[in-house]
Amino acid sequence: SLIEDLRKAEEERKQVIERFPLEVWPGMLLEHYALGLGSKDTFSWWMEWGTDHLGSISGGSAEKHLIYKHKAKGWVFDSVYQNEQAAWEAIRGAFVNAFQLAQNGQFDEIDVLEPFKRGYAIVVKAMYVYFPEQFLPIYSAVHTAHFLQVLNHPLVGRSSEWRLSLIHISEPTRQAE
């Protein structure tokens with residue numbers, strides 16, 4: 001039933017927060033975040049497979065996680081970084097910044113966080129987990145753009161994609177007079 005699914009979704013969300021509270025992010029080790037290390041208790045594993053009731057991001061490329069360990073290739077991350085530790089420091093720092101910006105209501109500032117230019121699904125799902133009152137669980141940029149268009153909400157930068165604001169959606173858009 002819908003009520004049971006919503007209960008399970010909230011339970012999964014709380015499990016993620018319990019395992020990965022906001023306070024641990026500034027010092028989180030790469031081994032606690034990344035896929036490909038054989039653990040089912042990493043943040044990325046929980047986002048992809050451990051939280052189905054929150055909406056799925058499974059399938060496709062693991063690149064959506066921004067960094068992961070491939071069986072044959074080793075660490076995979078954006079080539080702008082020299083090594084996996086440099087990549088992880090930038091990615092972790094961007095998550096920490098995004099969480100602080102969300103806590104301060106500065107959602108538009110999330111747009112400029114360089115490491116997030118590639119990881120739409122993981123970023124939006126993480127933001128929903130920690131800030132469910134500010135984000136909706138829609139992790140596809142295509143679907144988000146569709147819903148914004150249906151709701152006659154302007155597409156301005158990526159901030160309207162990052163955050164389908166419950167407040168902004170409920171505000172009527174002004175038509176040109």
Side-chain angles (χ1 to χ4, degrees), residues 1-68 91-111 113 115-116 119-151 153 158-171:
S1 76
L2 177 60
I3 292 184
E4 181 62 16
D5 287 343
L6 291 172
R7 186 194 64 72
K8 288 178 182 176
E10 182 59 14
E11 185 178 303
E12 289 171 356
R13 194 182 75 75
K14 287 179 178 177
Q15 286 178 341
V16 172
I17 292 170
E18 195 174 291
R19 283 179 163 80
F20 308 99
L22 286 174
E23 303 80 49
V24 305
W25 274 90
M28 185 185 288
L29 299 175
L30 176 57
E31 292 75 18
H32 295 153
Y33 175 85
L35 292 177
L37 300 169
S39 174
K40 291 185 177 181
D41 201 22
T42 67
F43 184 78
S44 291
W45 185 92
W46 274 91
M47 292 293 95
E48 185 142 0
W49 294 292
T51 52
D52 286 343
H53 289 92
L54 291 178
S56 177
I57 64 167
S58 64
S61 171
E63 288 184 12
K64 68 178 147 266
H65 296 282
L66 306 171
I67 187 169
Y68 67 97
I91 292 163
R92 180 183 60 208
F95 273 111
V96 170
N97 286 339
F99 298 148
Q100 290 171 344
L101 291 166
Q103 286 174 326
N104 295 330
Q106 297 172 285
F107 301 99
D108 292 343
E109 300 300 318
I110 296 169
D111 289 356
L113 299 175
F116 289 169
Y120 184 86
I122 187 74
V123 173
V124 176
K125 191 164 186 178
M127 297 306 284
Y128 174 73
V129 165
Y130 293 107
F131 304 98
E133 300 298 322
Q134 297 298 326
F135 293 83
L136 291 176
I138 303 172
Y139 314 124
S140 160
V142 172
H143 292 145
T144 301
H146 167 77
F147 289 122
L148 288 170
Q149 186 176 24
V150 166
L151 294 167
H153 192 279
R158 289 186 70 193
S159 62
S160 57
E161 293 177 10
W162 288 119
R163 179 175 93 106
L164 265 180
S165 167
L166 302 177
I167 296 166
H168 287 125
I169 287 175
S170 65
E171 294 174 357

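Reckoned from all heavy atoms, side chains included, excluding hydrogens, waters and symmetry mates.
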Point-to-point distance, once rounded to the nearest 0.5 Å, from [atom1] of [X] to [atom2] of [Y]:
X: Y33; Y: H65; atom1: OH; atom2: NE2; value: 7.0 Å
X: I67; Y: I91; atom1: CD1; atom2: CD1; value: 5.0 Å
X: D5; Y: L54; atom1: CG; atom2: CG; value: 11.0 Å
X: Y130; Y: I17; atom1: OH; atom2: CD1; value: 6.5 Å
X: Q103; Y: L22; atom1: CD; atom2: CG; value: 5.5 Å

Whether [X] side chain and [Y] backbone form a donor-acceptor pair below 3.5 Å:
X: S58; Y: W49; result: no
X: R92; Y: M28; result: yes
X: E12; Y: H53; result: yes
X: K64; Y: A121; result: no

Review point. Hey, what's the ring geometry for W25 with F95, parallel, tilted or perpendicular (30° and 60° as the breaks)?
Key: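 Tilted, since the angle between the ring planes falls between 30° and 60°.
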Practice item. Specify whether F99 and F131 have parallel, tilted or perpendicular ring planes, treating 30° as the upper limit for parallel and 60° as the lower limit for perpendicular. Key: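 Rings of F99 and F131: tilted, as their planes differ by 30° to 60°.
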Check your understanding: Do Y139 and I122 have side chains that get closer than 4.5 Å, going by heavy atoms?
Key ->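 No, every pair of side-chain atoms sits at 4.5 Å or beyond.
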Point to revise | Check: L136 and Y128 side chains under 4.5 Å, non-hydrogen atoms | key: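 Side-chain contact under 4.5 Å: no.
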Exercise for review: Check the surroundings of atom CD in E4: do more than 12 heavy atoms from other residues, nucleotides or ligands lie under 6.0 Å from it?
Suggested key: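 Buried by this count: over 12 neighbours within 6.0 Å.
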Shortest non-hydrogen contact from [X] to [Y]?
X: R13; Y: V129; result: NH1-O, 2.6 Å
X: P115; Y: A94; result: CG-CB, 3.7 Å
X: E48; Y: G59; result: OE2-N, 3.2 Å
X: H32; Y: F20; result: O-CE2, 3.5 Å
X: L37; Y: A34; result: CD1-O, 4.1 Å
X: M47; Y: K125; result: O-NZ, 2.8 Å

**Study point:** Member of K14, R7, K8 meeting the salt bridge (charged side-chain N to carboxylate O under 4.0 Å, His left out) criterion with E11
**Key:**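 Among the candidates, only R7 passes.
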Review point. Judged by modelled atom types alone, do S44 and T42 share a side-chain donor-acceptor pair under 3.5 Å?
Key: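 No, T42 and S44 have no side-chain donor paired with an acceptor closer than 3.5 Å.
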